[in-house]
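Single-structure report; data block below.
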2 protein chains.
Amino acid sequence: MSRPKPQKRATVHDIAAAAGVSRGTVSRVLNGGYVSAEARAAIEAAITDVGYVPNNAARTLKMRRSQAVAFVALEPHSLFLDDPNIGAIMLGANAALSLADHQMVSLVVESARDTERVARYLSGGFVDGAIVVSARTRDPIIKVIADLRIPAAFVGHPPELSDSIPFVGIDNVGSARSITARLAASGRRRIGMIAAALDRDSGLDRLTGFKNALGTEFDPSLVADVPHYDYGSGVKGMRLLLEREPAIDGVFAASDAIAAGALEALREAGRSVPGDVGVVGFDDSTWAVRCQPQLSTVHQPAKELGSFAAQLVLRQLAGEQVEHHGELLDTPIIWRDSA
Amino acid sequence: MSRPKPQKRATVHDIAAAAGVSRGTVSRVLNGGYVSAEARAAIEAAITDVGYVPNNAARTLKMRRSQAVAFVALEPHSLFLDDPNIGAIMLGANAALSLADHQMVSLVVESARDTERVARYLSGGFVDGAIVVSARTRDPIIKVIADLRIPAAFVGHPPELSDSIPFVGIDNVGSARSITARLAASGRRRIGMIAAALDRDSGLDRLTGFKNALGTEFDPSLVADVPHYDYGSGVKGMRLLLEREPAIDGVFAASDAIAAGALEALREAGRSVPGDVGVVGFDDSTWAVRCQPQLSTVHQPAKELGSFAAQLVLRQLAGEQVEHHGELLDTPIIWRDSA
DNA sequence: TCCTACTGTGTGCACGTTCACACAACCGTA
DNA sequence: TACGGTTGTGTGAACGTGCACACAGTAGGA
């Protein structure tokens with residue numbers, strides 16, 4: 001296997017030689033310390049002259065600090081292609097890390113092969129901490145991260161074995177209960193739910209909140225269980241509900257994408273929204289305002305989630321002892337036209 | 001500023017001591033070489049015993065290879081929130097790099113501050129190469145990458161100063177021409193375009209293709225110029241076109257998101273699609289099948305673009321001399337219901 | 001004059017890894 | 001017996017950086 005040429009690059013030694021000083025003085029120019037004006041000038045000239053850039057690998061090795069934090073995205077297929085929130089979470093995290101002069105590097109885990117490689121990457125000293133998004137309870141990477149004892153934070157409900165790792169999320173149970181209650185308060189009698197991702201806490205919690213809101217009126221036959229938070233699942237779920245209960249007049253969809261699909265199925269069945277059926281979603285993603293009619297939904301503060309998770313990691317990096325029970329951000333209900 | 005505890009981790013020295021051998025032998029177990037069965041067994045036992053993981057920073061420093069490739073996303077706001085393609089491109093690149101046992105780390109550039117920090121990261125030896133997506137011609141990071149002489153590849157049309165950097169893209173001019181021609185062939189007389197992102201080559205090229213297809217029939221007043229590839233721009237652009245030419249009967253939208261917005265504006269104006277107006281989009285993103293009616297559009301092979309760009313970088317990493325004029329992938333036209 | 005404080009500079013070492021080299025057994029053959 | 005090849009192991013150096021330390025010169029005060 002042919003290796004490429006080493007691509008020789010300037011080091012502190014080279015600029016030291018060029019400026020006629022020692023490596024130590026160069027280091028002091030770069031990192032602060034007592035340096036005479038003429039030495040500083042000569043060194044800075046030499047630096048721009050040879051186009052010197054510090055070698056991060058060496059610096060990291062010595063300092064045990066890489067100034068980088070990983071953003072680990074699990075199940076990226078559904079995440080990147082169906083869930084518009086992930087982008088906002090990333091941007092929020094990036095902004096917060098950027099302010100603290102840290103680099104965010106995002107890692108995509110889509111296969112077992114990836115899990116192993118990412119674990120190697122995380123443990124290898126390239127990053128100081130990790131933000132983990134959308135972890136299924138059973139994902140092996142979680143145990144890896146817990147074992148590494150690397151400063152970390154979860155976005156979303158924490159998996160059970162992560163009691164040592166802080167998290168930030170939203171109150172899925174409470175939010176689902178609130179919006180369902182509001183839907184019921186608008187006079188709807190037969191309210192169903194299209195529940196998704198019941199293998200994840202977010203999915204389970206939204207279902208629980210729905211049950212709580214309806215209390216004794218809850219009818220299990222009015223819950224359609226679909227695998228994903230996506231549009232296609234919404235179409236299928238709504239068709240199923242209409243088949244089971246033609247008199248249905250209210251639907252809580254577990255995500256905006258699902259709600260959009262439900263609207264399509266309702267249109268197909270000749271029902272008007274919100275006239276015949278009231279529909280509410282979850283996320284307040286870009287889906288919500290694209291639909292006809294626009295969706296009433298639960299606002300998920302995606303950017304803030306990313307930003308808060310980044311803070312959690314940064315605080316641990318600063319040596320602070322972070323309380324581990326996590327934080328839930330507010331989720332205001334946005335009432336539009338679909339219910 | 002308090003630094004966190006060094007978090008002492010096992011090194012080759014530790015396992016060497018635990019197994020009663022020298023560091024060299026441990027290295028040989030890890031990287032291959034002549035090792036006796038009993039030494040190997042003792043070392044492997046010690047490794048799992050202390051939970052040893054190699055330090056990548058040290059390895060990178062010595063080897064001058066990090067086995068990581070950066071995925072640089074410029075303008076992430078519009079990219080992550082409006083353009084569903086970026087996710088697919090990322091996944092394609094990740095899959096290809098994963099197969100070659102490389103780690104993809106994606107970097108988000110959203111401000112000047114980011115540019116500088118990412119430049120430092122790229123040049124600091126943490127990555128062996130870079131894939132750059134959606135580069136505006138004028139983005140400063142491009143010059144940085146060119147100057148670094150790091151193996152790189154662009155997704156999309158290459159900016160002018162990147163003649164030393166290979167790229168993979170699609171034939172925006174040809175694709176736009178083809179789908180416009182097909183729209184014209186279906187009997188439409190007054191065909192307009194909602195053109196977007198004219199500060200990017202993709203945007204300019206799609207407009208050029210549109211002009212080419214219409215030839216002498218091209219009417220500049222039927223081009224609405226909007227800033228972004230997003231839904232809102234589509235709504236505004238279509239309203240503008242309807243105002244300028246009420247008799248318009250065909251529209252080429254520069255993206256599916258724009259086309260979706262155009263459908264909304266047309267619905268609002270009481271026009272039927274495809275009855276009164278035929279609409280075609282570009283990208284074949286998830287938008288295309290969410291719309292009512294579903295969009296006729298140009299399929300953009302997003303996953304393949306990512307994968308191909310990764311190959312370009314990997315080939316350079318393997319020492320291969322890559323031809324620099326780039327490659328254009330096929331973009332079949334998908335004809336659905338909107339025209 | 002001597003001591004202390006401050007400014008400025010050079011040298012050695014360590015971070016954890018890989019690799020080249022030296023060397024030591026062992027085996028088969030001349 | 002002596003030689004060369006194979007298998008197996010240990011040692012030293014180097015990758016590029018930052019920091020502790022040593023040291024030199026100057027200035028001010030006792």
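In the text below, chain A, chain B and the rest are named by the order of the sequence lines, each starting its count at 1.
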What residues, two or more places apart in sequence or in another chain, satisfy side-chain hydrogen bond (donor to acceptor under 3.5 Å, both in side chains) together with A/Arg28?
-> none
Rounded to the nearest angstrom, tell me the gap between atom CG in A/Leu30 and atom P in D/dC19.
-> 11 Å
Close side-chain approach of A/Leu122 and A/Leu107, heavy atoms under 4.5 Å = yes
Measure up the A/Phe126 and B/Phe126 rings against each other and bin them: parallel (under 30°), tilted (30 to 60°), perpendicular (over 60°).
-> tilted
For the helix from C/dT1-D/dA30 to C/dA30-D/dT1, measure the angle between the helix axis at one end and the axis at the other, each built from five pairs, rounding to 10°.
-> 70°
List for me each residue that meets side-chain hydrogen bond (donor to acceptor under 3.5 Å, both in side chains) alongside B/Thr60, sequence neighbours excluded, and say none if there are none.
-> none
Rounded to whole Å, the CE-P distance (A/Met63 to C/dG16) equals 14 Å
In whole angstroms, how far is the P atom of C/dT18 from the CG atom of B/Leu61?
-> 11 Å
What does nucleotides 4-11 of chain C look like as a protein-contact string, B for base, S for sugar-phosphate only, - for none, at under 4.0 angstrom between heavy atoms?
-> ---SBBBB
Closer than 4.0 Å, any side-chain N/O of B/Asn31 to the OP1 or OP2 of C/dT18?
-> yes
Rounded to the nearest angstrom, tell me the gap between atom CG in A/Asn56 and atom P in C/dG16.
-> 18 Å
Could you check how far CZ of A/Arg9 sits from C1' of D/dG16, rounded to whole Å?
-> 12 Å
Provide, to the nearest angstrom, the distance between the NZ atom belonging to B/Lys62 and the C1' atom belonging to D/dG12.
-> 11 Å
Which residues share a side-chain hydrogen bond (donor to acceptor under 3.5 Å, both in side chains) with A/Asn31, sequence neighbours left out | A/Ser27
Find out whether B/Val118 and A/Gln103 are in side-chain contact, i.e. whether some heavy atom of one side chain is under 4.5 Å from a heavy atom of the other.
-> yes
Nearest to the side chain of B/Arg64, which nucleotide is it out of D/dT17, D/dC15, D/dG18?
-> D/dC15
Would you mind reporting whether A/Leu30 and A/Ile47 have side-chain heavy atoms less than 4.5 Å apart?
-> yes
B/Asp14 CG to C/dC15 P, in whole Å, measures 11 Å
Look at B/Arg59 and C/dG16 and indicate whether a side-chain polar atom (N or O) is within less than 4.0 Å of OP1 or OP2.
-> no
For B/Asn55 and C/dG16, what is the distance between atoms CG and P respectively, to the nearest whole Å?
-> 7 Å
List for me each residue that meets side-chain contact (heavy atoms from CB on, under 4.5 Å) alongside B/Glu116, sequence neighbours excluded, and say none if there are none.
-> B/Arg120
Distance, nearest 0.5 Å, that separates CZ of A/Arg117 from CE of B/Met104 | 9.5 Å
